[in-house]
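Heads up, the thing below is written out as C-alpha cells.
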Amino acid sequence: MDKKLSVYNSLSRKKEEFKPIHEGRVGMYVCGPTVYSDVHLGNCLTFVRFDVIYRTLLHLGYKVRYVRNITDVGHLLDDGEDRISKGARIDQLEPMEVVQKYANGFHDIMDIFNALRPNIEPRATGHIMEQIAMVEQIIKNGYGYEVNGSVYFDTIKFAEQTGKYGELSGRVIEDLLVETRDLKNQSDKKHPADFAIWMNASPEHLMRWPSPWGEGFPGWHLECSAMSTKYLGKTFDIHGGGNDLKFPHHENEVAQNVGACGCAPANYWLHTNMLLMNGRKMSKSDGNTISPEELFTGDSPHVSKGYHPMIIRFFMLQSHYRSELNLTDEGILSAEKGYKRLMECLKSVGSLEAKGSKATPLDEEILSLLNQAEEDMLDDFNTPKAISRYFELCNKINGLKEGQLNLGDVLPSTIEKLVKDFNAFVHNVLGLKDVSDSESGAILDGVMQLVIQLRQGAREEKNWAASDKIRDGLAALDIQIKDGKEGTEWSFK
RNA sequence: GGUCGCGUGGCCGAGUGGCUUAGGCACUGGUCUGCAAAACCAGUUACAGCGGUUCGAAUCCGCUCGCGACCUCCA
C-alpha cells in the first residue's frame, strides 16, 4: 500500500493515482450478470479481469469489500417483456427457478475459472424495499415523476439542473434534447431520454411487488444504485463493468445516485473491453460464438480441440483489461504453450540452489525484472506486461537450472525473493492453478520415476532401441521425457 | 446517421515523441544430446495508407480506408 497504484478512470479518461476514501480499505462494486440464460464467455472475460483487479488490491494489502450483484428482475427486452419472465414462460418455471438455475451455472463457471467470489453478491429481488425508498427520494428531489403506476427519471430536468448527465459516457445534452425515438410500451415518458425507475406490472407480469404506485417492479438500472449505496455507502471507491454498460446503465446509475443523494457514487470507474472471436464481435445471432463448455471440450467448429480453463484464463490475462481480446484457436494454442512453459519454470525455480556471495549483473537483472513486474501491475493492472517480465525471468531460471548461467552469480536471498514473488504472482495475483498437479498425483509420479530409472539403465547399456521405445511410447500418451544435466524429468505435453 | 475507440511483424499481444531488439507462439541457425525433445544463445518478419507538426513519430495533428463499441438487449 505504500506503493502508488494508478488506474485509468473512465470519468476523467486518464490514468489517476488511486487514493481510497478510507486508508487501507477499498469498496468495489462490479455489475454482475442478468441471469436469464447460460453465461456468455464475454461475461467470463469481464469477471476474470475484475478478479485480477480484486486480487491485485488484496495482494497490495488492501482490505477490499467486493460487491457484485446478480440482476434477477427488471431487465427488459426490446418488446418490453422482462428477461427473467420470458425465460420462466418458455421453460414453464417459476421466475425464481430460472434465476437460480442460471445463477448456479454462472457460479460454477466462475469457480472453474478460479475467480474469487465477491464478499457480497446481492440480488435485485432481495432489495425491493431499498429500491422503492430510492425512487421515493428521487421523486422528492424533483427528478422523478409518476405516470399510470410507473415512475420515470426526468433525465432532461436532471441534465439541465445538475449538468451531470453524460459525464461518464460522453453524451451531449443537446443531442438528448433533439433525440426522437419511438418506444414501445413506454409512451408515458415525457422524453425519450427518460428511463423507468419503477414500472407498473401488467396483469400477466409474473414478478411484482406492492409499492406506493401500485403493483410493479423496479427499473433495470435502479438495483445497482440501491445496492451499491446499501453495502458500500453513498460514495465508494471503484465501480466496474463491461464498457457496453457505460451507456445507458452506468450513466443512469450516476443520475439516480446523484438524483437521490446529491453525491456521485464512485470515485473511479473502470471499464473492461469486449471479447471478439476471429476478429469479429462474438454474437449468437450470426453463429460467431462459443460457450465456456464448448471451449473446454473442444465441441465447436471454432477450435481445434478442448482447452483447460486455466489456459483460457491465462489467454485472457495476456491482454490488457482495457483492450479488446480477439479469441482465435491459434491464439489459445500459443497461450497454452506459453502457460505450460511458465508453470514448468515456476516448479523448477524452487529447487535452485544459489551459491553467490556478492551482487552481480545477473543478480541485479533478476531483482530488476521482479520490480518491473510489480510496477507493471501497479500501472493500471498491466497483466500482459508483467507476464512478459516473468517470461524473461524464465530464461534466467532455465539457464541457471541447465547450467548456461552460473548459480554462483546469484545470491540466495535473490532466489528466495524470486520464488516468493513468482509464486505470489502466478497463484495469488493472476489466480492460475497448475493444471498438471490435478492430472498427475503421487502414484503416477512414482510410476514415472520407475520408468525413468528403467530407461536410464537401458541408456547406460547403450540400448537405444529400448530407451527410445520407452520415450516414444510415453510421447504417444502425451507424456514428455526431458533429459537434462541433472537427470531426467517428465511432464505432460 | 451521431458519439467514442482501435488498426503493431506469419499469429496473439504490450508499448503513446528519441535505447522497449517488449513478451508469447511460429520459423531459421547454433550450443547441449547416443539421436531427439526440452533448455539456452543468436537471427528474420512491424508499426493500415497518404499528408503535416518536430532536430526526431508506431507514439501528436489532418484526411482516406478498414474494424469495433455505444446510441434504452448486452460483460
Side-chain angles (χ1 to χ4, degrees), chain A residues 13 30-34 36 39-50 75-79 83 166 169-172 175-176 178-179 181 183 186 189 192-196 219-221 240-249 251-252 271-276 279-284 314-315 318-320 322-339 341-342 344-345 348 376 382-392 394-405 459 462 464 467-468 471-472 475 480-485 488-489 491 493:
Chain A
R13 294 181 181 78
V30 173
C31 286
T34 300
Y36 63 97
V39 64
H40 186 270
L41 191 63
N43 295 63
C44 298
L45 173 65
T46 297
F47 300 129
V48 163
R49 284 168 160 178
F50 277 108
H75 200 159
L76 303 184
L77 293 160
D78 275 345
D79 59 7
R83 284 174 174 276
S169 60
R171 304 288 132 159
V172 182
D175 293 346
L176 292 174
V178 300
E179 183 186 4
R181 181 183 286 264
L183 294 168
Q186 297 184 38
K189 289 181 185 180
D194 293 355
F195 56 93
W220 170 38
H221 316 297
N243 74 1
D244 53 346
L245 291 181
K246 236 189 239 177
F247 191 89
H249 185 61
E251 195 66 61
N252 289 353
H271 288 100
T272 58
N273 217 322
M274 298 290 103
L275 178 67
L276 309 179
R280 307 207 58 88
K281 185 191 178 186
M282 196 176 270
S283 158
K284 283 184 184 174
F314 181 71
F315 172 70
Q318 271 195 304
S319 71
H320 189 258
R322 285 192 284 115
S323 297
E324 287 170 336
L325 173 60
N326 185 19
L327 184 120
T328 61
D329 189 54
E330 201 179 355
I332 306 172
L333 269 170
S334 70
E336 178 176 45
K337 291 183 181 171
Y339 170 83
R341 177 150 175 252
L342 194 73
E344 281 299 312
C345 191
S348 52
D376 293 334
N382 197 330
T383 52
K385 210 168 174 185
I387 288 169
S388 80
R389 309 289 188 192
Y390 276 95
F391 273 118
E392 291 194 57
C394 280
N395 287 342
K396 310 295 175 203
I397 292 166
N398 286 328
L400 288 166
K401 184 185 164 200
E402 298 295 329
Q404 292 96 345
L405 295 173
R459 293 180 74 206
K462 299 200 188 300
W464 310 127
S467 97
D468 288 355
R471 185 174 70 195
D472 297 343
Q480 183 156 58
I481 288 292
K482 293 188 272 198
D483 296 324
K485 282 228 169 16
T488 301
E489 295 178 355
S491 70
K493 273 187 184 171

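Naming convention: chains lettered A, B, ... in sequence-line order (proteins, then strands); numbering from 1 in each chain.
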From [options], pick the nucleotide closest to the side chain of [X]?
X	options	answer
Gln404(A)	rC40(B), rA14(B), rA69(B)	rC40(B)
Pro248(A)	rC11(B), rC71(B), rA75(B)	rC71(B)
Arg459(A)	rC71(B), rC35(B), rG23(B)	rC35(B)
Gln480(A)	rA37(B), rA75(B), rA22(B)	rA37(B)
Lys482(A)	rA37(B), rA75(B), rC40(B)	rA37(B)
Thr46(A)	rC12(B), rA75(B), rC70(B)	rA75(B)
Glu402(A)	rC11(B), rA39(B), rG24(B)	rA39(B)
Leu325(A)	rA36(B), rG13(B), rA75(B)	rG13(B)
Leu245(A)	rC70(B), rC25(B), rA75(B)	rA75(B)
Phe47(A)	rG34(B), rA75(B), rA39(B)	rA75(B)

When the [atom1] atoms of [N] and [M] are considered, how many whole Å apart are they?
N	M	atom1	result
rG13(B)	rG49(B)	C1'	23 Å
rU53(B)	rC63(B)	C1'	15 Å
rA58(B)	rG18(B)	P	10 Å
rC27(B)	rA38(B)	P	10 Å
rA14(B)	rG24(B)	P	15 Å
rG15(B)	rG9(B)	C1'	15 Å

Does the [N] base have a donor-acceptor partner in the side chain of [X] within less than 3.5 Å?
X	N	answer
Asp376(A)	rA14(B)	no
Arg13(A)	rC4(B)	no
Asp468(A)	rG34(B)	yes
Ser323(A)	rG13(B)	no

- Spatial distance of atom CG (Leu275(A)) from atom CD (Glu324(A)) [nearest 0.5 Å]: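 So the CG of Leu275(A) and the CD of Glu324(A) are separated by 9.5 Å.
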
Identify the nucleotide, in any strand shown, that forms a Watson-Crick or G-U wobble pair with [N], with both distances under 3.5 Å; if there is none, say none.
N	answer
rA38(B)	none
rU16(B)	none
rC65(B)	rG7(B)
rC27(B)	rG43(B)
rU54(B)	none
rC70(B)	rG2(B)

If you compare every side-chain N and O of [X] against the phosphate oxygens of [N] (OP1, OP2), does one of them come in below 4.0 Å?
X	N	value
Arg341(A)	rC40(B)	yes
Asn395(A)	rC40(B)	yes
Asn382(A)	rG15(B)	yes

Restricting to non-hydrogen atoms, name the atom on [X] and the atom on [Y] that form the minimum distance, rounded to 0.1 Å.
X	Y	value
Gln404(A)	Asn398(A)	OE1-O, 3.9 Å
Cys44(A)	Val39(A)	SG-CG2, 4.1 Å
Ser169(A)	Arg13(A)	C-NH2, 3.8 Å

Pick base, sugar-phosphate or nothing for [X], based on heavy-atom distances below 4.0 Å to the nucleic acid.
X	result
Asn398(A)	sugar-phosphate
His320(A)	sugar-phosphate
Cys345(A)	nothing
Leu45(A)	nothing
Lys337(A)	sugar-phosphate
Leu275(A)	base
Arg471(A)	base
Gly42(A)	base

- Evaluation steps, side chain to side chain donor-acceptor pair (under 3.5 Å), between Thr488(A) and Asp483(A): CA-CA 4 Å; Thr488(A) 301; Asp483(A) 296 324; 2.9 Å; yes

- Message: Need to verify one output field. Residue with the more 5' nearest nucleotide on RNA chain B, Leu327(A) or Thr272(A)?
- Response: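 The residue closer to the strand's 5' end, by nearest nucleotide, is Leu327(A).
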
- Query: Do the charged groups of Glu489(A) and Lys401(A) touch, with an N to O distance under 4.0 Å?
  - Reply: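 Yes, this pair counts.
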
- Query: Ring of Trp464(A) versus six-membered ring of rG34(B): centres under 5.5 Å and planes under 30°?
  - Reply: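 So yes, this residue stacks on that base, both cut-offs being met.
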
- Determine, stepwise, if the pair Leu327(A) / Leu41(A) fulfils side chain to side chain contact (heavy atoms under 4.5 Å, CB included). CA-CA 10 Å; Leu327(A) 184 120; Leu41(A) 191 63; 4.1 Å; yes

- Query: So do His221(A) and Cys31(A) actually touch side chain to side chain, heavy atoms under 4.5 Å?
  - Reply: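 When only atoms from C-beta onward are counted, His221(A) and Cys31(A) do not touch, as no gap falls below 4.5 Å.
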
